[in-house]
Engineer: 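Attaching a single structure in structure tokens format; questions to follow.
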Amino acid sequence: MEKTQQSIKKNGYGSKLLSFFMNYKSILIFLVIFIAMSILSDAFLSSRNLTNLIRQIAASSVLGVGFTFVVASGNIDLSVGTMIGMIGVFTALLSKMGLPAVAVLAVGLLAGVLAGAVNGLLINVFDLPAFIVTLADMSIFEGICYLACNTTPVSGIPDWYKTVGQGYVLGIPVPVWIMLAMAVIGTVILTKTVFGRNVLALGGNREAARVCGVNTTRVMYGVFIFMGICAAVSAFIITGRSASAQTGAGQGMELDAIAAVVIGGTPLSGGKGNIVGTVFGCLIVGSINNGLNLLNVNSNWQLVAKGCLIIGAIILDAQSARIRAKALKKKVA
């Protein structure tokens, strides 16, 4: 009897430990990569490089917060990269016209809301797959961006805009404050609100959620609108940091977001979301890119490494799901 109780306790501790690593595996992976890069490059641990690193991942982390909602709801959004470029160009052009900062930022957020609402509208009204809709919208947003600026980067933005990407408050870069604020807001919404619970229910089983009284159409709109807002905030950071609006500023960021979200513990199948894990996932992607630059690795090989990281993240996601299923079966038995 005593041995049985000890075995149960042991299995209970093991189950909790396994659950912790499955939910926060991104922290462990980040620590391994951080240590490895510190050994491979003497410059990696310098205060200047670490500040640059955290500043660089701020925009992708904000985007990752919104992407966590999308993936947790069982969807995907491939349009966010070109959406960032489009919003960056719009707001840069408006700021050059002399519009007040509040007006420019409000228009940028409104553009994100409208872009997200378009995705939600096409998916809901015509019952189309999110993958196809956002793939088409990716091209549309890119075309609008090129038309707005005639494929020419927009420079000469005012100082207040540069402060969004380059400024400091209490010795900490402004983008980091924005990243932390968006991460906190996203975590509260996802874990403490009815909307957040409905997002997870939608990703777990859309039909079951509908039968239980969840307005799945409204939740879907909310998810993509929130994604648009996060894309707009990322556009502000990127445009301010580079002191200009580049037409291709956000291209490829959707791939980084997918990798970060999945590594962070949000399964592609939906039904679960982990924003803290997503931030660490962005740190992983950023640390790899930063470390490879410091090691003077050819940029083409960096693309290969990023692709391998995404494949690895998907494999890790699939294996984690299998491990969780086996652990659950053992617990039930």
Side-chain angles (χ1 to χ4, degrees), residues 56-67 70 75-123 128 130-158 160-162 164-166 175 178 182 223-258 299 303 306:
Q56 288 165 4
I57 65 105
S60 60
S61 294
V62 171
L63 191 69
V65 170
F67 219 92
V70 173
N75 291 286
I76 199 75
D77 190 344
L78 300 178
S79 67
V80 292
T82 56
M83 193 188 299
I84 288 173
M86 179 184 69
I87 294 172
V89 166
F90 279 169
T91 53
L93 289 172
L94 291 174
S95 67
K96 286 186 67 176
M97 293 178 185
L99 264 68
V102 174
V104 172
L105 296 176
V107 171
L109 291 174
L110 180 60
V113 168
L114 291 176
V118 167
N119 283 334
L121 177 69
L122 294 173
I123 293 168
L128 298 174
F131 178 86
I132 299 299
V133 170
T134 58
L135 182 63
D137 283 345
M138 176 176 68
S139 179
I140 292 172
F141 297 152
E142 185 177 19
I144 293 173
C145 175
Y146 290 157
L147 288 170
C149 65
N150 197 26
T151 67
T152 304
V154 181
S155 57
I157 62 175
W160 69 260
Y161 207 147
K162 296 175 185 177
V164 176
Q166 302 176 12
I178 297 174
M182 292 299 294
V223 165
F224 282 98
I225 286 173
F226 185 68
M227 179 73 262
I229 291 171
C230 289
V233 175
S234 295
F236 299 152
I237 295 173
I238 293 171
T239 304
R241 190 179 69 206
S242 59
S244 64
Q246 304 293 325
T247 54
Q251 290 182 4
M253 286 187 68
E254 65 276 1
L255 299 180
D256 289 349
I258 292 171
S299 59
L303 293 174
K306 188 179 294 186

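Everything quoted here is computed from the prediction, not taken from an experiment.
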Engineer: Hey, could you give me the CE/OG1 distance between Met227 and Thr134, rounded to the nearest 0.5 Å?
Structural biologist: 11.0 Å

Engineer: Does anything in residues 108-120 form a side chain to side chain donor-acceptor pair (under 3.5 Å)? List the pairs, not counting sequence neighbours.
Structural biologist: Ser79-Asn119

Engineer: Of the non-hydrogen atoms in Gly88 and Ala245, which two are nearest, and what is the gap between them?
Structural biologist: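 Smallest heavy-atom distance, with atoms named: O-CB, 3.4 Å.
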
Engineer: When rounded to the nearest 0.5 angstrom, what is the spacing between CE in Met253 and CD1 in Ile238?
Structural biologist: 4.0 Å

Engineer: Are Leu78 and Ile76 packed together at the side-chain level, in the sense that at least one heavy-atom pair is separated by less than 4.5 angstrom?
Structural biologist: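 Counting from C-beta outward, Leu78 and Ile76 do come under 4.5 Å.
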
Engineer: Heavy atoms only: give me the nearest Gly165-Pro175 pair and the separation to one decimal.
Structural biologist: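 Of all heavy-atom pairs spanning Gly165 and Pro175, the closest is O-CG, 3.4 Å.
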
Engineer: Can you tell me how far CE of Met86 sits from OG1 of Thr91, rounded to the nearest 0.5 angstrom?
Structural biologist: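 Between atom OG1 of Thr91 and atom CE of Met86 there are 10.5 Å.
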
Engineer: Does Ala111 have any side-chain contact (heavy atoms from CB on, under 4.5 Å) partners at least two apart in sequence or in another chain, and if so, which?
Structural biologist: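 With neighbours one apart ignored, the set is Ile87.
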
Engineer: With a 4.5 Å heavy-atom cut-off, do Lys162 and Ile157 have their side chains touching?
Structural biologist: yes

Engineer: Using atom types as modelled, flag every donor-acceptor pair under 3.5 Å from a side chain in residues 135-145 to any protein atom, sequence neighbours excluded.
Structural biologist:
{"unit_1": "Glu142", "atom_1": "OE2", "unit_2": "Tyr146", "atom_2": "OH", "d": "3.0"}
{"unit_1": "Glu142", "atom_1": "OE2", "unit_2": "Gln251", "atom_2": "NE2", "d": "3.0"}

Engineer: Name all residues meeting the ring pair (Phe, Tyr, Trp, His ring centres under 6.0 Å) criterion together with Phe236; count only those two or more places apart in sequence or in a different chain, and write none if there are none.
Structural biologist: none

Engineer: Do the side chain of Thr247 and the main chain of Pro153 share a donor and acceptor less than 3.5 angstrom apart?
Structural biologist: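 No; zero donor-acceptor contacts below 3.5 Å.
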
Engineer: Can you see which heavy atom on Ala148 is nearest to which on Phe90, and at what distance?
Structural biologist: CB-CE2, 3.6 Å

Engineer: Are the side chains of Phe226 and Val65 in contact, using a 4.5 Å heavy-atom criterion?
Structural biologist: yes

Engineer: Answer yes or no: is there a side-chain heavy-atom contact under 4.5 Å between Val164 and Ile178?
Structural biologist: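 The answer is yes; the side chains approach within 4.5 Å.
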
Engineer: Look up atom CD1 in Ile237 and atom CG in Leu63, then write down how far apart they are to the nearest 0.5 Å.
Structural biologist: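 With rounding to 0.5 Å, CD1 (Ile237) is 10.0 Å from CG (Leu63).
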
Engineer: What pairs of donor and acceptor atoms, side-chain ones from residues 96-110 against any protein atom, are under 3.5 angstrom apart with sequence neighbours left out?
Structural biologist:
{"unit_1": "Lys96", "atom_1": "NZ", "unit_2": "Ser155", "atom_2": "O", "d": "3.2"}

Engineer: Provide the closest heavy-atom pair for Ala243 versus Gln166 in the form atom of the first, atom of the second, distance.
Structural biologist: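 For Ala243 versus Gln166, the nearest heavy atoms are CB-NE2, 3.9 Å.
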
Engineer: Ser244: what forms a side chain to side chain donor-acceptor pair (under 3.5 Å) with it, not counting sequence neighbours?
Structural biologist: Gln246

Engineer: Could you grab the distance from atom OG of Ser234 to atom CE of Met83, nearest 0.5 Å is fine?
Structural biologist: 10.5 Å

Engineer: Can you name the nearest heavy-atom pair linking Ala231 to Ile84, along with the distance?
Structural biologist: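 It is O-CG1, 3.5 Å.
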
Engineer: Taking the side chain as every heavy atom from C-beta outward, state whether Phe67 and Cys230 have any pair of such atoms under 4.5 Å apart.
Structural biologist: no

